[in-house]
Structures are given as C-alpha cells and as structure tokens.
There are 2 protein chains.
Amino acid sequence: MSPRTTEQFEAMRIESKDRIIKSALKLFSSKGLFNTSIREIAKEAKVSDGLLYNYFKSKESLAIAVMRSSFDTVDEMIIAHSDQNPEVNIQSSIQNFIRLIENELDKIRLLAQMGFHKEKFEILNQLTVEKYESSVNKFHKNLKLLGVPNPKSEARFLVAILDGLVFEFLLMDNPFDIQKFKKELINKYCKS
Amino acid sequence: MSPRTTEQFEAMRIESKDRIIKSALKLFSSKGLFNTSIREIAKEAKVSDGLLYNYFKSKESLAIAVMRSSFDTVDEMIIAHSDQNPEVNIQSSIQNFIRLIENELDKIRLLAQMGFHKEKFEILNQLTVEKYESSVNKFHKNLKLLGVPNPKSEARFLVAILDGLVFEFLLMDNPFDIQKFKKELINKYCKS
DNA sequence: GTCTATACACGGATAGAC
DNA sequence: GTCTATCCGTGTATAGAC
C-alpha cells in the first residue's frame with residue numbers, strides 16, 4: 001500500500017474542516033448556537049465527534065471560526081467598486097446589499113444571532129460597528145456629492161432602511177416582494 | 001398559628017409567578033433561551049427549582065409565557081391614539097417606537113431571539129407579520145392624507161427605518177445618539 | 001487523519017417532606 | 001405554597017486503537 005503524500009493529507013484536512021464549518025453554519029443558523037450539539041454537527045458533516053476536536057479545540061472556537069468565515073463573505077459582498085459617479089455608487093451599494101439578503105441570509109442570521117447576546121463575542125461587536133460606520137460614511141459622501149440636503153441624516157436613514165430590511169427578512173419569511181422594494185429604493189435614491 | 005386565607009395564597013402565587021417571569025425575561029434576553037438553565041432562573045427569582053415547575057409545566061411553557069408577556073407590552077406601547085391630524089399621528093407613532101427602544105429593549109431582544117426559532121414559536125411569526133402590516137398601513141394612510149408622493153413605498157421605508165433602528169440597537173450597544181436620530185426623523189416626516 | 005468508547009458534568013424534570 | 005434530594009438523559013471533551 002502506497003503511503004499518502006503530504007499533499008493528499010492536506011487536501012483531506014481542508015476538505016473535512018470545510019465540511020465541518022459548512023455544517024456548523026447550517027445548524028447554528030437554523031437552530032441556534034446553544035441548541036446545536038457537537039454530535040449533530042459531526043453527523044451532518046459526516047465525520048466523527050472525535051475528529052471535530054482535531055480541528056477545533058472547543059465548540060466555542062468552532063463557533064468563532066464559523067462567525068469569522070460568515071463575516072468575511074458578508075464583508076466581501078458589501079464592497080462596492082468605487083466609481084466617479086455618486087449615483088452609480090449608491091445604486092451599486094444598495095444592489096450589493098439586496099444580493100446579500102437574497103443569497104446569504106443564513107450567514108446574516110448567524111451573525112445577528114451571535115450579536116444579540118449581551119456578552120457577545122467582543123470582536124464581532126467591534127467589527128459590526130466598523131461596518132456600520134463605514135457604510136454610513138460612504139453613503140454620506142455620495143449623497144453630499146449629489147447635493148442632497150442633510151446628507152448625513154439621509155445616509156443614516158438609508159443604512160437603517162437596509163438594516164431594517166434585513167431584520168424583517170430574518171423575522172418574517174419573505175414578508176413582501178424584495179425586488180419591488182429594491183426598485184422603490186433605487187427610484188428614490190437614484191433619480192436619474 | 002392562623003391559617004392563611006385564600007387571598008393571601010393567591011397573592012403569594014401571583015408574586016412568585018411574576019418574579020419568575022421577570023427573572024426569566026432578564027436571563028433569556030441577555031444569555032439566550034438555550035443558554036439559560038432552570039436553576040439559574042429559579043436562583044435569580046429566589047425560589048426553588050421545584051416551585052418553578054408548580055407554575056410552569058416545562059421550560060418551553062415558561063418561555064412562551066415570557067414571550068406572550070413581552071409581546072403584550074410591545075403591543076401596548078406601539079398603539080397611537082388616532083388623531084384627526086395625520087402629522088400628529090405619524091409623529092406620535094415614531095415617538096412611541098423610540099420610547100419602546102429606549103425602555104424595553106430587553107423584551108424586544110427576547111422576541112427577536114425567539115423569532116429566530118421558527119419551529120418552536122410559530123405563533124410569534126404570525127403576530128409579527130400582523131404588527132408589521134398594520135404599521136405599514138397606518139403610515140400609508142397618514143402619508144396619503146398628507147399628499148406625499150408614493151405613500152405606500154414611503155410607509156414601507158419608514159417602517160424599515162424604525163426596524164433598522166431596533167436592529168442596530170440590538171447589534172451594537174448604543175451606536176449613536178437616538179434622540180438626535182428621532183429629531184431627524186420627525187423633521188423629515190413632519191415638516192410643520 | 002479518522003474512528004469508537006467513555007469519562008464526567010450539567011440540565012430538565014419529578015417525588016415527597018414540611 | 002415551598003423546599004430538598006434525586007433520576008436520568010444529553011452534551012462536551014478526551015483517550016486510545018486503527
């Protein structure tokens with residue numbers, strides 16, 4: 001029997017680890033962090049309980065890994081390529097956000113869930129505040145360029161609308177037509 | 001030793017039950033439903049574990065009682081006395097909502113948290129949708145009376161802003177000055 | 001790298017005394 | 001109405017074989 005190469009081991013490693021994170025995300029997001037057992041996660045990922053502890057030293061560290069990974073995708077999806085035209089910038093930010101809701105609601109639900117606890121994962125709180133502020137600032141800049149009155153206030157409103165949209169989607173299942181909402185939003189903030 | 005009257009027993013009953021619900025609310029809201037044990041709740045309420053089961057047949061039924069009670073207060077606080085003047089109506093709705101955030105964030109956090117566990121608390125989902133729709137309709141009616149263009153869209157935006165405000169308060173600890181936000185909102189929607 | 005078996009603590013719930 | 005003691009299941013985490 002031929003011994004496996006280092007590369008093969010590395011591939012197995014990554015594959016297993018990845019499956020565990022995916023499974024944990026799915027379960028944490030739908031059932032909640034504390035209502036999901038290691039056994040369930042291992043089963044879903046089709047690995048043994050023991051193996052899971054080879055990759056993550058505790059349930060909490062697994063949770064943090066899942067959170068990090070989720071935050072990263074959210075982060076990537078929100079980035080808008082900066083254009084010269086402020087209207088284009090606003091529009092693309094809104095579109096990115098809506099795409100996020102459509103495609104990655106699980107990850108958002110997980111982050112929200114973790115963020116709701118009072119003694120939360122401190123790092124998450126900090127990252128969230130940063131994201132919030134950078135979003136407000138971006139909208140502020142572009143609304144100002146457009147000559148909108150009270151651009152700072154309007155930026156906060158706009159971010160609140162998007163956050164509210166997320167919240168409503170998390171609490172109710174598709175309570176209304178998001179595409180229509182998107183059109184209304186773009187109509188309102190991108191007059192051209 | 002004089003035997004207690006029925007009234008005295010009833011008073012004790014209500015008092016204990018009330019303390020249990022209050023304690024459960026506090027702990028569920030801050031630590032999460034599944035991360036809070038019966039023992040902790042009983043300890044916080046200064047009763048024994050056994051007694052708790054005299055009033056609630058299971059942890060879940062306690063959770064439902066807490067949820068119901070929280071929903072009721074939220075419900076009451078959101079009610080705006082209907083005025084002839086649409087501007088007054090809008091303003092008072094916004095003020096009620098902000099007062100809710102300021103004073104009852106714990107209850108909202110609990111409801112939001114429970115809203116994530118759809119399988120267990122289906123009824124909550126339904127109630128939430130109803131509340132949402134009635135809010136949108138109320139704003140819609142008043143914005144229409146004011147002659148605002150696209151009143152339906154604007155009503156949805158307004159509700160989304162308020163929901164977003166809640167969401168931001170739940171995720172970040174007092175991320176910005178809510179009083180300033182309130183003034184900006186009222187300025188925007190109640191021009192007079 | 002992966003599995004099975006197991007130690008050990010904790011949580012929900014009940015029984016029975018006062 | 002309230003408490004203490006206890007049963008029993010489940011969950012996290014580890015040990016050791018392959």
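Reminder, nothing fancy here: chain letters follow the sequence lines and each chain counts from 1. A quick note: this is a predicted structure, and the numbers were derived from the prediction, not measured.
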How many Å lie between NZ on B/Lys43 and P on C/dC10, as a whole number? 13 Å
Round to a whole Å and report the spacing from CD1 of A/Ile14 to C1' of C/dG1. 14 Å
Of the listed nucleotides (D/dG1, D/dC3, C/dA13), which one gets closest to any side-chain atom of B/Ser48? D/dC3
D/dG1 base to B/Arg13 side chain: any donor-acceptor pair below 3.5 Å? no
Looking at A/Ser58, does any N or O in its side chain come under 4.0 Å of the phosphate oxygens OP1/OP2 on D/dT12? no
Please report the distance, rounded to the nearest Å, between CG in B/Leu52 and C1' in D/dG1. 14 Å
Can you tell whether the side chains of A/Lys118 and B/Asp106 come within less than 4.0 Å, N to carboxylate O? yes
Over 12 foreign heavy atoms within 6.0 Å of CD, A/Glu60: no
For the pair A/Asp18 and A/Lys22, find out whether any cationic side-chain nitrogen is under 4.0 Å from an anionic carboxylate oxygen. yes
Side chain of B/Ser37 only, please: which of D/dG11, C/dG11, C/dT2 is the nearest? C/dG11
What contact category does B/Leu51 fall into here, base, sugar-phosphate, or nothing, at under 4.0 angstrom with non-hydrogen atoms? base
For A/Phe56, report the nucleic acid contact type (base, sugar-phosphate, nothing); a contact means any heavy atom under 4.0 Å. nothing
4.5 Å side-chain heavy-atom contact, B/Leu145 and B/Asn89: no
Select base, sugar-phosphate, or nothing to describe what B/Tyr55 touches, counting heavy atoms under 4.0 Å on all strands. sugar-phosphate
Whole angstroms only, please: what is the CD-P distance between A/Glu40 and D/dT10? 11 Å
Heavy atoms from C-beta onward define the side chain here; which of C/dG12, D/dC3, D/dT2 lies closest to that of B/Ile38? C/dG12
If only side-chain N and O atoms of A/Ser16 are considered, is one of them under 4.0 Å from the OP1 or OP2 phosphate oxygen of C/dG1? no
Residue whose closest nucleotide on DNA chain D lies nearer the 5' end, B/Asn54 versus A/Leu33: B/Asn54
Among the candidates D/dG1, C/dT2, C/dG12, find the nucleotide nearest to the side-chain atoms of B/Arg39. C/dG12
A/Tyr53 has an atom OH; how far is it from atom P of C/dG1, in whole Å? 18 Å
Within this structure, what is the CD1-to-P distance between B/Ile20 and D/dC3, rounded to whole angstrom? 9 Å
Are a donor atom and an acceptor atom from the side chains of A/Ser153 and B/Glu184 found within less than 3.5 Å of each other? yes
For B/Asp49 and for B/Glu10, locate the closest nucleotide of DNA chain D by heavy-atom distance; then report the residue assigned to the nucleotide nearer the 5' terminus. B/Glu10
Rounded to whole Å, the NZ-P distance (A/Lys46 to C/dT2) equals 15 Å
Specify the separation, in whole Å, of atom CG of A/Asn35 and atom C1' of D/dT12. 15 Å
Among C/dG1, D/dT2, D/dG1, which nucleotide has an atom closest to any side-chain atom of A/Phe9? C/dG1
Are B/Phe139 and B/Tyr189 close enough that their ring centres sit under 6.0 Å apart? no
